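In what follows, a structure is listed as structure tokens, so that the remarks can point back to it.
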Amino acid sequence: MGWIGETVDSIKSIQIRQLFTQAISLGMIVTSALIIWKALMCVTGSESPVVVVLSGSMEPGFKRGDILFLHMSKDPIRAGEIVVFNVDGRDIPIVHRVIKVHERENTGEVDVLTKGDNNYGDDRLLYAEGQLWLNRHHIMGRAVGFLPYVGWVTIIMTEKPIIKYILIGALGLLVITSKD
Amino acid sequence: MHTFGYRANALLTFAITALAFICAIASFSDKFSNQNPSAEIQILNINRFKKQSHGNDEVSLTLDISADLQSLFTWNTKQLFVFVAAEYETPKNSLNQVSLWDAIIPDKELAKFRIQVSNKYRFIDQGQNLRGKEFNLTLHWHVMPKTGKMFADKIVMPGYSLPDAYR
């Protein structure tokens with residue numbers, strides 16, 4: 001009870017000057033998160049530097065809820081690399097391994113075929129209709145690092161939005177009631 | 001000042017920082033392992049070699065693969081992804097990599113193996129360049145860690161060639 005009572009008291013005791021300081025500190029938190037994300041985008045050259053694995057198609061290497069760090073360099077794509085790609089007409093990017101590469105002599109343009117480690121067949125069924133190969137522009141990045149389980153936070157939050165609102169509410173309350 | 005909220009927050013922050021630090025160290029420790037993998041591949045048989053109806057060459061072959069990759073395992077290794085690819089040049093393409101066989105090795109004890117298999121994925125060229133073609137067989141491996149940085153390397157074995165005529 002003591003904690004809740006103190007919280008209520010401190011909300012009551014808010015003054016206009018304090019309100020501004022808190023609004024600014026909240027703004028700082030949000031913007032610094034944004035700065036970190038954008039900086040990561042610049043460093044890795046990938047439009048989404050961190051992705052969450054959503055399917056089991058790369059098990060047992062990557063399970064649902066693991067997160068991957070992506071890097072998009074100018075280096076040519078080679079067989080065996082785990083790439084994240086977008087297929088025309090699909091919203092959600094896919095993380096799979098490259099199994100075939102054919103690179104043109106002059107232009108350097110590549111034809112790439114991918115497959116999930118845990119899938120029986122290659123990815124031609126996932127590609128747009130009639131598409132046999134992925135090209136450079138489909139590929140958003142290659143996976144370079146791996147962290148288990150952390151992605152569950154975002155999976156839970158997208159599937160159970162109520163938890164997201166509770167969490168945001170709690171954080172907001174914490175910021176409002178903090179006195180430093 | 002020392003409310004429940006503050007203490008919980010401080011504890012959580014510290015726990016996450018410590019965990020992140022331990023993960024980083026675990027990943028970094030992979031750099032100090034001694035690696036001396038070895039591999040040997042023989043082509044036992046060309047099972048089939050023909051031109052497909054729509055014009056591309058296709059080969060089916062049987063491989064004898066033996067490898068010792070035990071030294072790649074460290075305490076931060078979750079699994080090894082191993083594959084054998086045929087690599088060759090054609091007038092149209094400066095590089096063709098066609099994966100022929102792959103496997104996931106979950107355990108150090110299984111990392112020394114010998115296997116005789118026909119190609120798991122179809123060996124199809126983009127064109128009709130495979131007759132008499134010289135190519136490399138490359139054993140690639142990807143070390144997938146329990147946490148942290150993934151790394152990969154390969155052993156290139158040159159000097160394989162395909163027959164001069166379809167069969």
Side-chain angles (χ1 to χ4, degrees), chain A residues 1-7 10 58-63 66-69 71 76-82 97-115 117-118 120-122 132-133 142-150 170-171 173-175 177-180, chain B residues 1 3-9 16 19-20 23-24 27 56 76 78-106 120-127 138-154:
Chain A
M1 193 58 210
W3 181 56
I4 296 168
E6 274 176 43
T7 311
S10 64
M58 287 295 281
E59 279 192 37
F62 303 144
K63 293 195 178 68
D66 295 342
I67 65 170
L68 299 177
F69 298 94
H71 188 77
I77 292 150
R78 290 290 174 258
E81 289 173 341
I82 297 161
R97 193 185 297 275
V98 175
I99 61 166
K100 292 183 185 179
V101 173
H102 297 281
E103 191 173 70
R104 296 285 170 285
E105 179 79 54
N106 304 320
T107 55
E109 188 54 46
V110 280
D111 285 341
V112 167
L113 181 65
T114 54
K115 175 184 172 287
D117 289 357
N118 196 29
Y120 181 73
D122 62 42
L132 292 180
W133 304 98
R142 69 194 87 193
V144 291
F146 166 80
L147 211 58
Y149 308 123
V150 182
L171 282 177
L173 206 66
L174 212 68
V175 171
T177 56
S178 67
K179 294 199 186 80
D180 311 312
Chain B
M1 188 61 205
T3 59
F4 172 76
Y6 272 104
R7 287 171 197 228
N9 188 11
I16 289 173
L19 196 62
C23 288
S27 176
N56 293 331
N76 188 32
K78 184 201 288 176
Q79 63 170 35
L80 227 55
F81 183 85
V82 190
F83 68 101
V84 173
E87 300 181 353
Y88 59 97
E89 262 183 60
T90 56
K92 181 182 162 200
N93 295 331
S94 58
L95 175 76
N96 299 276
Q97 287 183 309
V98 181
S99 192
L100 300 179
W101 170 85
D102 62 21
I104 292 167
I105 303 178
K120 183 173 166 184
Y121 305 116
R122 299 172 75 182
F123 185 174
I124 302 173
D125 184 42
Q126 286 192 328
T138 310
L139 184 91
H140 295 256
W141 58 86
H142 269 236
V143 181
M144 297 169 99
K146 292 206 170 93
T147 173
K149 194 172 167 10
M150 298 184 273
F151 45 94
D153 209 346
K154 62 188 175 182

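The sequence lines fix the lettering, A, B, ..., with proteins before strands; numbering per chain opens at 1. Computed from a predicted model, the values in this text were never measured in an experiment.
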Q: Counting only heavy atoms closer than 4.5 Å, note whether B:Lys146 contacts chain A via side chain, backbone, both or neither.
A: backbone
Q | A:His102 side-chain N/O to B:Asn93 backbone N/O, donor-acceptor pair under 3.5 Å | A | no
Q: Kindly compute the distance separating CZ (A:Arg104) from CG (B:Leu95), expressed to the nearest 0.5 Å.
A: 11.5 Å
Q: Please look at B:Pro106 and chain A and tell me whether the side chain, the backbone, both or neither of the residue comes under 4.5 angstrom of a heavy atom of that chain.
A: neither
Q. How many angstroms lie between CD in A:Glu105 and CD in B:Glu89, if you round to the nearest 0.5 Å?
A. 6.5 Å
Q | Choice from B:Lys78, B:His140, B:Lys149 maximising heavy atom contacts with chain A below 4.5 Å | A | B:Lys78
Q: Could you grab the distance from atom CD of B:Gln126 to atom CH2 of A:Trp133, nearest 0.5 Å is fine?
A: 5.0 Å
(Q) Heavy-atom pairs under 4.5 Å with chain A - which of B:Lys120, B:Arg122, B:Glu87 has more of them than the others? (A) B:Arg122
Q) Between A:Lys100 (side chain) and B:Ile124 (backbone), is there a donor-acceptor pair under 3.5 Å? A) no
Q: Answer with side chain, backbone, both or neither: which region of A:Pro60 has an atom nearer than 4.5 Å to a non-hydrogen atom of chain B?
A: both
Q: Check each atom of B:Thr138 against the heavy atoms of chain A and say whether the ones under 4.5 Å are side chain, backbone, both or neither.
A: neither
Q. Of the backbone (N, CA, C, O) and the side chain (C-beta and beyond), which part of A:Asn106 lies under 4.5 Å from a heavy atom of chain B, both, or neither?
A. neither
Q: Mind ranking B:Ser27, B:Ala85, B:Gly148, B:Ala152 by heavy-atom pairs under 4.5 Å with chain A and telling me who comes out on top?
A: B:Gly148
Q) What is the minimum heavy-atom distance between A:Ile82 and B:Met144, and which atoms define it? A) CD1-CE, 4.0 Å
Q: Mind checking the CG-CZ spacing from A:Asp117 to B:Phe81? Nearest 0.5 Å is all I need.
A: 4.5 Å
Q. If you count heavy-atom pairs under 4.5 Å between each of A:Arg97, A:Glu109, A:Arg78 and chain B, which one has the most?
A. A:Arg97
Q. Considering only heavy atoms, which portion of A:Ala170 lies under 4.5 Å from any heavy atom of chain B: side chain, backbone, both, or neither?
A. neither
(Q) Working to the nearest 0.5 angstrom, can you tell me the gap between B:Ile104 CD1 and A:Met58 CE? (A) 8.0 Å
